[in-house]
Amino acid sequence: MRLHCLVIPSYSRDYLYVIGLRKVQSMLDIKLIREKTELVEKSLARRNGGFSVKPLLICDEEFRQVQIEWEELNRRTNEISEHFKKGKLEPSEAEALKEETKKLKVRRQEIESLRQDLEKKLFELQLGLPNLPDQAVPDGADEKANKEIKRWGNLPKLQNPMHHYEIGSQLKIFDFERGVKISESRFTVLLDKGAKIERALMNFMLDFHSKRGYLEVFPPILVNRDCMVGTGQLPKFEGDFYKCADDALYLIPTAEVPVTNLYREEVLAEEQLPILHCAYTPCFRREAGSAGKDTRGYIRQHQFNKVELVRFTTPEKAAAEHEQLTLDAEGILEALELPYRRILLCSGDLGFAAQKCYDLEVWFPAQNQYREISSCSVFGDFQARRANLKYKPADGGKARYMITMNGSALAIGRTMAAILENYQQADGSVLIPKALQPYLNGMTALKPEL
RNA sequence: GGAGAGGUGUCGGAGUGGUCUAACGUGCAGUCCUGGAAAGACUGUCUGCGCCAAAAGCGCAGCGAGGGUUCGAAUCCCUCCCUCUCCGCCA
């Protein structure tokens with residue numbers, strides 16, 4: 001990887017689409033925006049983010065005007081070249097045509113830079129628009145308007161429950177201080193049984209999903225910029241991710257990024273769908289804007305482990321598959337017998353790329369509240385447009401965009417924290433959930449050293 | 001990191017300045033042939049965008065990417081990326 005990759009930011013393929021006159025990927029369908037402007041505006045307004053397609057439409061109009069002239073210049077140039085092809089022109093005629101082409105070329109160069117600027121701007125405006133919320137998503141400005149869908153499990157009856165980090169420190173399975181020493185804040189060292197539980201959870205979750213038909217993948221953890229744009233992290237949230245200084249690569253914030261991009265720029269057959277993947281990866285997030293939040297403990301780390309579910313499907317099946325994917329994530333919580341609830345996010349709390357999203361929240365006794373442990377989102381064709389994920393319909397029609405969806409199942413660090421809190425005993429020990437015991441050589445409890 | 005060879009449509013693979021969206025083969029779809037199938041024959045078969053209410057139609061762009069030479073570039077020149085082989089280095 002050469003340094004110039006970084007020096008020229010426009011080197012990325014996303015911008016080459018513009019500069020190289022290759023197809024421009026629409027994030028929201030540009031035709032939909034033109035034809036159903038009011039509808040799109042209304043839908044975007046539900047997000048309460050101040051989004052509007054107006055600047056995009058103005059730019060689109062300008063761009064098309066320029067594009068029309070540009071195409072006409074090319075057409076005439078091609079026409080002149082036809083005359084030469086057919087051969088034997090009078091010298092004076094040939095000269096005149098050469099002159100004309102030179103003039104056309106000058107004009108084209110003028111218009112070319114304008115065209116490129118407009119196309120790039122158009123592209124950026126498109127990339128900056130979030131997905132449209134699904135009909136089923138309730139209106140609301142923030143998390144207060146989220147809707148609880150269901151609750152599962154009985155809350156443990158505990159007197160003065162300890163926080164997971166207190167329990168973990170006491171059991172000597174977390175070493176927060178040394179994590180900070182060898183890295184910085186929000187990095188933690190797991191010791192002994194802590195490391196083993198983390199590993200057991202990964203294996204348990206992957207086995208669980210594999211049995212349900214998810215094909216396991218273990219992808220690269222460093223990905224190129226195209227992937228980050230493809231799933232919607234970039235260009236809008238540049239500051240949220242770790243980027244390599246000497247290579248144009250990013251540390252993934254979630255397995256969603258490499259796994260969703262597995263089929264980027266491909267056209268699959270409808271018979272191959274749905275595709276179900278599960279993947280364990282470490283995840284890296286800068287947590288910019290989270291200063292002061294969850295500073296203690298193991299639930300908000302710059303590096304954490306997660307098992308992710310990803311599905312690729314058709315528009316017809318998407319809604320049902322999203323429900324199933326959410327049930328699959330819940331299956332882990334139920335197998336581990338952790339009390340949780342399912343929340344339907346309101347329009348204002350919805351992630352940038354999401355069309356509809358369920359959050360799963362697990363009970364934390366010491367905090368006396370439910371906390372997010374999974375997010376199960378369906379993206380419609382939003383990611384598919386960005387990443388160019390298509391399938392050929394079985395009836396032989398034109399290639400269509402796939403529907404993508406994904407969900408954590410689950411965030412492993414938070415699962416460990418939830419186990420510590422929910423399974424804590426009065427004597428300071430922690431019971432191991434039955435489902436996990438086979439993954440820990442039959443260990444049934446963590447006991448404090450005497 | 002060094003040397004060499006490459007990058008063309010579903011795939012294989014031609015093409016070294018115009019007749020090239022691109023031979024030929026293959027795959028796929030349809031029609032014919034057949035009792036049915038195979039073989040064979042014929043036809044069709046890329047994507048994105050624009051003009052258009054839409055269809056049809058027309059146009060523009062695309063041979064790894066960007067730039068250059070030229071009236072005209074898959075083809076010539078420059079830069080970069082990627083793949084393969086050998087060497088070096090390394091888990």
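Residue numbers start from 1 in every chain, and the chains themselves are labelled A, B, ... in the order their sequence lines are given, proteins ahead of strands. The basis for the numbers below is simple: all heavy atoms, side chains too, and nothing from hydrogens, waters or symmetry mates. Computed from a predicted model, the values in this text were never measured in an experiment.
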Spacing of A:Glu271 atom CD relative to B:C28 atom P, expressed in whole Å: 13 Å
Distance, C1' atom - from B:C63 to B:C20, rounded to whole angstrom: 10 Å
Between OH of A:Tyr391 and P of B:U47 the distance, given in whole Å, is 15 Å
Sorted by first residue and then second, give each salt bridge (Lys or Arg N to Asp or Glu O under 4.0 Å) pair with at least one member in residues 31-57 of chain A; sequence neighbours left out. A:Arg34-A:Asp60, A:Glu41-A:Lys54, A:Arg46-A:Asp139
Report yes if a donor N or O on one partner sits less than 3.5 Å from an acceptor N or O on the other, where the partners are the side chain of A:Glu71 and the base of B:G59; otherwise report no. yes
Tell me, which pairs form a salt bridge (Lys or Arg N to Asp or Glu O under 4.0 Å) where one or both residues lie in residues 268-279 of chain A, sequence neighbours left out? none
What I want to find out is whether A:Glu72 reaches A:Arg75 closely enough, with some N-O distance under 4.0 Å, to be called a salt bridge. yes
A:Ser375: what forms a side-chain hydrogen bond (donor to acceptor under 3.5 Å, both in side chains) with it, not counting sequence neighbours? A:Asp359
Pick the C1' atom in B:C46 and in B:U8, then give their distance to the nearest Å. 13 Å
Pairing residues for A:Ser374 by the side-chain hydrogen bond (donor to acceptor under 3.5 Å, both in side chains) criterion, not counting sequence neighbours: none
Rounding to an integer number of angstrom, what distance separates B:C84 and B:U79 when you compare their C1' atoms? 22 Å
Check RNA chain B for consecutive Watson-Crick or G-U pairs with both distances under 3.5 Å and list the runs of at least three as stems. B:1-7 with B:81-87, B:27-32 with B:40-45, B:46-51 with B:57-62, B:64-68 with B:76-80
Pairs under 3.5 Å (N/O, protein and nucleotides 19-22 of chain B):
from: B:U19; atom 1: OP1; to: A:Lys85; atom 2: NZ; distance (Å): 3.1

Interatomic distance where CD belongs to A:Glu265 and P belongs to B:C81 [whole Å]: 20 Å
Could you name each residue pair satisfying salt bridge (Lys or Arg N to Asp or Glu O under 4.0 Å) that touches residues 294-319 of chain A, not counting sequence neighbours? A:Glu287-A:Arg300, A:Asp294-A:Arg300, A:Asp294-A:Arg371, A:Lys306-A:Glu308, A:Arg311-A:Glu321, A:Arg311-A:Asp328, A:Glu316-A:Arg400
Sorted by chain and number, sequence neighbours left out, ring-ring contact (aromatic ring centres under 6.0 Å, His included) with A:Phe218 holds for none
How far apart are the C-alpha atoms of A:Glu238 and A:Arg225, what are their side-chain angles, what is the distance that settles it, and do they pass the salt bridge (Lys or Arg N to Asp or Glu O under 4.0 Å) test? CA-CA 11 Å; A:Glu238 195 83 46; A:Arg225 191 184 161 85; 3.3 Å; yes
Given atom CD of A:Glu61 and atom P of B:G50, what is their separation to the nearest angstrom? 12 Å
note: A:Glu35, atom CD; B:G50, atom P; distance rounded to Å ~ 10 Å
Say you pick atom P in B:G2 and the same atom in B:C24; how far apart are they, in whole Å? 43 Å
The answer to which of A:Glu79 and A:Lys392 contacts RNA chain B further toward the 5' end, by nearest nucleotide, is A:Lys392
A:Glu69 atom CD is separated from B:G59 atom C1', nearest whole Å, by 15 Å
Atom C1', compared across B:G13 and B:A22: separation rounded to whole Å: 12 Å
Is A:Arg64 salt-bridged to A:Glu71, cutoff N-O under 4.0 Å? no
Between B:G62 and B:U26, how far is it from one P atom to the other, in whole Å? 31 Å
In whole Å, measure the gap between the P atoms of B:C78 and B:G6 for me. 15 Å
Should A:Arg64 be listed as having a side-chain N or O under 4.0 Å from OP1 or OP2 of B:C49? no
Touch check for A:Lys31, heavy atoms < 4.0 angstrom, all strands: base, sugar-phosphate only, or nothing? sugar-phosphate
Kindly point out which of B:C49, B:G67, B:G48 is positioned nearest to the side chain of A:Gln116? B:G67
Which nucleotide in the set B:A61, B:G59, B:G50 lies at the smallest distance from any side-chain heavy atom of A:Asn78? B:A61
Between A:Glu100 and A:Lys103 (salt bridge meaning N to carboxylate O under 4.0 Å), is one present in this structure? no
Phosphate-side-chain proximity, A:Asn224 and B:C81, N/O vs OP1/OP2 below 4.0 Å: no
Checking A:Tyr439 now: which residues fulfil ring-ring contact (aromatic ring centres under 6.0 Å, His included) with it, not counting sequence neighbours? A:Phe204
Under the ring-ring contact (aromatic ring centres under 6.0 Å, His included) test, which residues partner A:Tyr358, sequence neighbours left out? A:His322
Residues in ring-ring contact (aromatic ring centres under 6.0 Å, His included) with A:Phe51, at least two apart? none
Give the rounded distance in Å between these two atoms: CD of A:Glu72 and C1' of B:C49. 16 Å
Are A:Lys398 and B:G48 close enough that a side-chain N or O sits under 4.0 Å from OP1 or OP2? yes
Without decimals, in angstroms, what is the distance between A:Arg75 CZ and B:G57 P? 19 Å
In whole Å, measure the gap between the P atoms of B:G57 and B:G44 for me. 14 Å
Just the table, please: protein N/O against nucleotides 68-72 of chain B N/O, every pair under 3.5 Å.
from: B:C71; atom 1: O2'; to: A:Thr101; atom 2: OG1; distance (Å): 3.2

